[in-house]
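Accompanying notes for the structure given below.
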There are 2 protein chains.
Amino acid sequence: MTGVEDRDAGRELSTAVVAFHEAVGATLGVTAVDQRALAVIMGAGSVSAGELAKEIGLTPGAVTGVVDRLARAGLARREPDPEDRRRLVITAVPGAFGDAFSGLAEAMAGLTERYTPAEQAVIGDWVTRTIAVLREQTRILNERR
Amino acid sequence: MTGVEDRDAGRELSTAVVAFHEAVGATLGVTAVDQRALAVIMGAGSVSAGELAKEIGLTPGAVTGVVDRLARAGLARREPDPEDRRRLVITAVPGAFGDAFSGLAEAMAGLTERYTPAEQAVIGDWVTRTIAVLREQTRILNERR
DNA sequence: CACGATATTTCAGTATGCTGAACTAAATTG
DNA sequence: CAATTTAGTTCAGCATACTGAAATATCGTG
C-alpha cells in the first residue's frame with residue numbers, strides 16, 4: 001500500500017536530504033559547494049587543487065576558498081605534495097565528516113535493523129540504482145547549459 | 001551482499017540528491033532556499049508571505065525576493081487574498097515543478113518497475129522512515145544554534 | 001642553468017541575496 | 001472615521017563567494 005512513488009515520497013526525501021545538508025553546512029560553516037568538494041575528495045582519496053577545480057567547475061582562485069573553509073571546519077587537510085611542491089595534496093580528515101553526521105548514522109543504523117537481510121538487500125539495490133539515476137539526470141541538466 | 005550501509009551508500013545518495021538539486025536550481029534560476037520555500041508552499045497548498053517567512057526563517061523583505069524568483073521561474077503564483085487584500089496567497093503552479101523533474105520522474109518510474117509489489121512496499125517504508133529520521137536530525141542540528 | 005610551463009594564492013571587481021528600516025496599502029479598533 | 005495595527009514591498013548597507021588577472025613558487029627542458 002505504501003508504494004515508492006506515493007505522495008511524492010521521492011520529492012519529500014529529496015527535500016529532507018537538502019534541508020539536512022543545509023543544516024550541516026550552517027553548523028560547520030561550509031557551503032553546499034564545499035560539501036560537494038569534500039565528497040569529491042573523499043571519493044578520490046586525495047586530489048590537487050587543480051583537479052578539484054575541474055571536478056566541481058570552479059576557477060583555481062575559488063578553490064583556495066573552498067579548501068580554506070573545509071580546513072577551518074576541520075574536514076580537510078592541505079599539504080604540499082612532496083613529489084611536486086607546487087601542488088597540494090588535499091585529503092579528508094578521517095572521521096571528521098562522520099562526526100558531523102554521527103547522529104544521523106546512528107539513527108540510520110537503527111532503522112536498518114528493522115529489516116531482514118533480504119529486505120536490506122532490496123533497499124540497498126534501490127539506493128544504488130537511484131544514485132545512478134540521479135547522477136545521470138544531473139549530468140543531463142548540466143549539459144543543457 | 002549489497003547492504004544499505006555498504007560503501008557509504010547513504011552519503012552517496014545524499015550527495016547525488018544535493019547535486020541534482022543544485023543542477024535544477026541553476027537551470028531554473030532559483031536558489032536552494034527558493035526550492036525549500038516551494039516545498040513548503042506545495043506542502044501547505046497555499047501560504048501567505050508572512051507564513052512563508054516564518055517557516056523558512058527569513059525576514060519578510062527576503063521573502064519578496066524568494067517569491068519573485070519562484071514566480072519568474074513559473075513555479076509559483078502570487079495573488080492578493082480576496083479576504084484580506086493586504087495578504088498574498090502564494091501557490092505552486094500545478095505541474096511546473098514536476099516538469100523540471102520530468103526526466104527524473106520517468107527514470108524513477110522505470111526503476112520502480114523492476115521491483116515486485118512487496119519489494120516496492122519495503123522500499124516505500126524505508127523511504128518514509130528515512131524522511132522522518134532526516135527531519136528529526138535536521139531539527140536537532142538547527143536547535144543547536 | 002636560464003626559460004617557459006604549471007600549480008596555487010592573492011586581490012580587485014562583481015554579483016547575489018540577506019537584514020533592518022522606512023514606506024504603502026489595507027484592515028481593525030475605539 | 002481617525003488612529004493604530006498588520007501585510008508586504010522597497011531600498012540602502014552588508015556579507016559572501018565567485019571570476020579573471022597578476023604575482024609567487026616550483027618544475028621540466030633545451
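A note on names: the letters A, B, ... follow the listed sequences, proteins ahead of strands, and every chain is numbered from 1. Heavy atoms only: backbone and side chains are in, while hydrogens, waters and symmetry mates are out.
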Exercise. Crowded around A/Glu55 CD? As in, over 12 foreign heavy atoms under 6.0 Å?
Worked result: no
For this session: Look at the side chain of A/Arg86 and the base of C/dT8, then say whether one donor and one acceptor between them are separated by less than 3.5 Å.
Result: no
For this session: Can you figure out which of C/dT9, D/dA17, D/dG20 approaches the side chain of A/Pro60 most closely?
Result: C/dT9
Seminar exercise, completed: Among the nucleotides D/dT9, D/dG8, C/dT8, whichever has the atom closest to the side chain of B/Ser48 is D/dG8
Problem set entry | 5' priority, DNA chain D, between A/Glu83 and A/Asp34 [closest heavy atom] | A/Asp34
Exercise. In terms of the nearest nucleotide of DNA chain D, which residue is placed more toward the 5' end: A/Pro82 or A/Val30?
Worked result: A/Val30
Whole angstroms only, please: what is the [atom1]-[atom2] distance between [X] and [N]?
{"X": "B/Ile90", "N": "D/dT9", "atom1": "CD1", "atom2": "C1'", "result": "12 Å"}
{"X": "A/Asp84", "N": "D/dT26", "atom1": "CG", "atom2": "P", "result": "10 Å"}
{"X": "A/Glu51", "N": "C/dT8", "atom1": "CD", "atom2": "C1'", "result": "13 Å"}
{"X": "A/Asp81", "N": "D/dA25", "atom1": "CG", "atom2": "C1'", "result": "14 Å"}
{"X": "A/Glu55", "N": "C/dA7", "atom1": "CD", "atom2": "C1'", "result": "17 Å"}
{"X": "A/Asp68", "N": "D/dC18", "atom1": "CG", "atom2": "C1'", "result": "14 Å"}
{"X": "A/Lys54", "N": "C/dT8", "atom1": "NZ", "atom2": "C1'", "result": "14 Å"}
{"X": "A/Leu58", "N": "D/dG20", "atom1": "CG", "atom2": "P", "result": "11 Å"}

Measuring to OP1 and OP2 of [N], would you say a side-chain N or O of [X] lies under 4.0 angstrom away?
{"X": "A/Arg69", "N": "D/dA17", "value": "yes"}
{"X": "B/Arg78", "N": "D/dT9", "value": "yes"}
{"X": "B/Arg85", "N": "D/dA7", "value": "no"}

Tell me whether [X] is salt-bridged to [Y], with the criterion being a basic N under 4.0 Å from an acidic carboxylate O.
{"X": "B/Glu136", "Y": "B/Arg139", "result": "yes"}
{"X": "B/Arg78", "Y": "B/Asp68", "result": "yes"}
{"X": "B/Asp125", "Y": "A/Arg114", "result": "no"}

Exercise. Base, sugar-phosphate, or nothing for A/Ala62, non-hydrogen atoms under 4.0 angstrom?
Worked result: base
For this session: Identify whether any heavy atom of A/Gly61 sits under 4.0 Å from a base atom; if not, whether one sits that close to sugar-phosphate; answer base, sugar-phosphate or nothing.
Result: base
Exercise. Would B/Asp99 and B/Ser102 satisfy side-chain hydrogen bond (donor to acceptor under 3.5 Å, both in side chains), going step by step from the backbone distance to the final call?
Worked result: CA-CA 5 Å; B/Asp99 288 353; B/Ser102 63; 5.9 Å; no
